[in-house]
Structures are given as structure tokens and as C-alpha cells.
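Reviewing the structure listed below.
Keep in mind that what you see is a predicted model, and the values were worked out from it rather than measured. When a ligand or atom number is given, it counts from 1 through the structure's own listing order. All residue numbers refer to positions in the sequence shown, counting from 1.
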Amino acid sequence: MATSARDRTSEHRKGSPDGPVHPLHARLQAVHHDLSGDTGGELRSSIPLLAEADPDLFGLALTTADGQVHQVGDSGHRFTVQSVVKPFVYALALADAGPEAVMAAVGVEPTGEPFNALVLEAETGRPPNPMVNAGAILTACLVDGETAAARKDRIRSGLSAFAGRDLDDDEQVSESEKGAGARNRALSWLMKDNGTLPYDVEDALDVYVFACSLLVDARDLSVMGATLAAGGRNPVTGEQVVDAELVPTVLSVMGTCGMYDGAGGWFVKVGLPAKSGVAGGMVAVQPGQLALGTYSPPLDEHGNSVRGFKACTRLSEELGMHEFRPGGRGLPVTVRLDGPDARSSAGRTSEEEDVLAAHCSRLHLVRLQGPLTLLTADSACTALLEAAKGWEAPHWLTVDLSPIGWLHPPAVDLLQEAVDSLVDSDVHVRLVDRVRENRRPWEGATPDDTLDDLDAALRSAEDELLARLG
Ligand code: GLN
């Protein structure tokens, strides 16, 4: 009988001499244990030196969008990032040159071809997307820097910011790649010939090969991926590496093109934007949640790490990470308090108390909990509008958004519009959000006129009631 994920995990937890194990760490351990003996794949590469890697090395890491890192196996073993660098260089190019210039130079269509195919867009001659070599060679020319050396500096510092530590490069691997780089050179000259690579070919190759030779480990890849998961903000260092607005473009291209001719099969199985590299590294991102970083050198026929693919598949299944899985967004909890339960702590004179007691039913407090998504905003708007229907004007309603951990900005707009329509029927609404300062930018913002203090909002509602009805 097959063991369930739960059985496998608890087996590992029981065996630990170090006491209690974090359940996500236990998941990684179980996957690492089960795949360690998998000898599938080959050390086969366009870069001769990479074929000398130790096929048994196997590291797994997971970093959450709020910066918790879990890692097992050879997660600290350094290897060259190779093509896993491509989405991050693309992000830097979008940031430096702007989306319009980058989109004009490089397409966003998947090719269904291998990473180094001699394929350019038929009509424009542009590289089809930034995840295949042609696109990545061009993308690396679009980051800030007048010279090849300056662009290398920009790529090293940008990638270091994604990883949260200073990255070195491996000159031996870049030399090995340069010695065997006929195909990348051919691709570059094709683009040079049709006018889509308006740069010096040797400089362009030099920068691209340098980017591929940066040394990372599985932990770094998970932190780099988590930076995308967290809207461009490195959740370990707190640095905003690229603007949150650019991240959906990067993840979309990873989702559609990141796994080359294996992209469709990958997405059906794992359901996450991802990128692999020929040294055996892989990163997979669950937007808003976490990222996986894996390292295992043997590759499948598409150039993707065999154990990396299997580890991501299993973790995605066990943790329900597939992006198109319905029902993963959570439901709202709307708590409504009326009358005495919606009073502030302010001391009142006995006259004021009498007025407030007589009109207590005109005071309301609604607290929204859970993520504010389109779904929850719809149900919150319905709740507010339904509740207000039976009210005889005037009423005072305080809406507390503080318990909401995640705000989808357009959902906030819907809520604001519902609130605005209540004002027309003499319902006086105050929005309170005590945690907006702590909430990170990618989680959206509440309207400018939102108050910071719940008790003060309740008190000002009472003051208004007293002034009007007292
Ligand atoms: N530097 C490698 C190359 O151009 C990167 C390829 C890859 O990792 N898929 O061949």
C-alpha cells in the first residue's frame, strides 16, 4: 500500500535526534530522502566542465514570501546559475530599460524548442522570448551600463540583491563555455545580421556567459524566487530589488517559456512559473507564497534537472501549490458588532450616555478578516449593503480592515465604492486600518482617508451622533 505524504513526513520527524522538526523542513527531508537514490538523467552539457559535476549532489530549499528559509541536503553547495539567471536578468532589464524598450527588443512567445535552438521570430527577427539563449543574450545587453564591464557589474549586484548576499562568478566555467560556444555565437551573429542585436557580438556573449557563471546554491535560488513571490522585495533582507509592477511580466514569461520545450508538461504537473539551468539548478515560484530552489546535476532530455523536476512535482502536489487549483484563496470572515458592542472606550457625561443609549442601534462596527480578494470584497460589499437596507437614517458605521493580512488593490476600490454609496443614504462610514504601515507594498494600500485608530474612529462616530441627535 502506498504511504501517504503524512506517513512519510512523520517517519522523518520521529527519527530526528534534534527534537521537534518544522513541518515544511520535514517535507523537504522526506522528498530528499525518497529521491536521493534516483539515478535518472545524464551529465550532458554544452559546457564541458559541467559534465564533471558530482551526480549525487542534491540540495533542496524553500523560502517563504515572508523570509522563512528551510533547506536540506547539499543546499549550500555552490554551482553556476546558468539559465536560471535568465528571468532575473530579464527583471533587471525591465527595471533599467523600461518594459516598452524590452518588449520591443525581445518577444514573449514560447517556442516549444530547446533552449539553444536557432530560432528567431519570423516577421521581426527578434528573439522569441528572454528564456531561450537568443533572448537572454540580448536581454543582458539591456541592463544599465555603457560597457560590457559595467553591465557585468550591474548583473552581479542585481543578482546579489535577489539572492541577499554577494555572488562570485566561476571563471573556469565561463572559460569552458566560451571555448565551446559556437551555437551562442551563431545565434548572436544571426541577430547581428538582421539588426536585432545592435551591440558588439563578443561583448554581448561575454556578458551573457558571465551572468550564467555566477555561483549560487539551492538556498540562494529559493531566496531569489521568493523575492519574485514577494513582489520584487527580498523577504530575507527587506530590499526592494525591482518594482512590484514588473513581477507579473517576469513570472508570466517564466510560466510560459521557462521550461522550454518541456514548459507545457511542467505547468500541467507542477503549475508554477519556473526556470532551470544546465548546471542542475531550478527555481519554482508560487506567487505571494513561497519559492523552491533545487540542485541536482543529472538532466533530462530538455536540459532540466531530473530530481529537481521530481522534487518540485511532489512538493507542489503535497502542498497544493498548483496556481490553477481552485479554492486556494481563502474565504472572508465578516464580523458585525452593533449597538453597545460598537462603542468606544471614551468616558461620557451622564447626559451623553443617555443620548448614546437611546440611539445605540445607530452605531455599527464591521471587522473584515482574511484576505481581501475580489471574492471577499464581493461578499463584504453585499454584507454592508444588505445591512444598511433596513436602517433608518442616520447611522454610523466603522469598518475595521486591520485584521486583513492581504489586500488586492482593486478589491479595496470596490469596498470604497460600496462605502461611498452608503454615504448617500446618510450612513457615515469610517474605514480603519491599524496595520497599513506594516503591510508591504505588494499587498496593496488602503485609501488615504483610512484612520489608524479604531477606538478614535468609534469615538468620533459617537461625537457626531451626539452633535446631531443630542
Ligand atoms: N550558459 C548556458 C548556455 O548558453 C545556459 C544554458 C542553460 O542553462 N539551459 O548553453
Quick one: which ligand 1 atoms are inside 4.0 Å of a heavy atom on Y208?
-> 1 (N), 2 (C), 3 (C), 4 (O), 5 (C)
Only one of K178, R185, R151 clears salt bridge (charged side-chain N to carboxylate O under 4.0 Å, His left out) with D206; which?
-> K178
For atom 9 (N) of ligand 1, closest protein heavy-atom neighbour = S83 OG, 2.8 Å
Structural part of C212 in contact with ligand 1, heavy atom criterion under 4.0 angstrom | side chain
Name each donor-acceptor pair under 3.5 Å that joins a side chain in residues 241-250 to protein atoms two or more places apart or in another chain, with its distance.
residue, atom, partner, partner atom, Å
D243, OD1, E245, N, 3.0

Counting only heavy atoms, which portion of R183 has something under 4.0 Å from ligand 1: side chain, backbone, both, or neither?
-> neither
Side-chain (T80) to main-chain (Q82) donor-acceptor, under 3.5 angstrom = no
For ligand 1, which atoms have a heavy atom of G277 less than 4.0 angstrom away?
-> 8 (O)
Salt-bridge criterion met for D200 and K192 (N-O under 4.0 Å) | no
In terms of side-chain heavy atoms, does T313 have a donor or acceptor partner in K310 at a distance below 3.5 Å?
-> no
Consider every N or O of E177 and every N or O of ligand 1, then say whether any pair is closer than 3.5 Å.
-> yes
Does the pair D168/R78 count as a salt bridge with the N-to-O cut at 4.0 Å?
-> no
Please identify which atoms of ligand 1 are closer than 4.0 Å to at least one heavy atom of Y260.
-> 9 (N)
Atom indices of ligand 1, in the order listed, that fall short of 4.0 Å to a heavy atom of N133 = 3 (C), 4 (O), 10 (O)
Determine whether the side chain, the backbone, both or neither of V278 has a heavy atom under 4.0 Å from any heavy atom of ligand 1.
-> both
Using a 4.0 Å heavy-atom cut-off, say whether N184 meets ligand 1 through its side chain, its backbone, both or neither.
-> side chain
Protein heavy-atom partner closest to atom 10 (O) of ligand 1 - residue, atom, separation in Å | S46 OG, 3.2 Å
Should the pair D96-R154 be classified as a salt bridge under the 4.0 Å nitrogen-to-oxygen rule?
-> yes
N/O donor-acceptor pair under 3.5 Å between R183 side chain and N116 backbone | yes
What protein heavy atom sits nearest atom 2 (C) of ligand 1, and how far away is it?
-> Q82 OE1, 3.2 Å
On the 0 to 90° scale, with breaks at 30° and 60°, tag the F309-W266 ring pair as parallel, tilted or perpendicular.
-> perpendicular
Using distance alone, decide if ligand 1 has a nitrogen or oxygen within less than 3.5 Å of any nitrogen or oxygen in K86.
-> no
Numbered in order shown, the ligand 1 atoms found under 4.0 Å of a heavy atom of F115 are 6 (C), 9 (N), 10 (O)
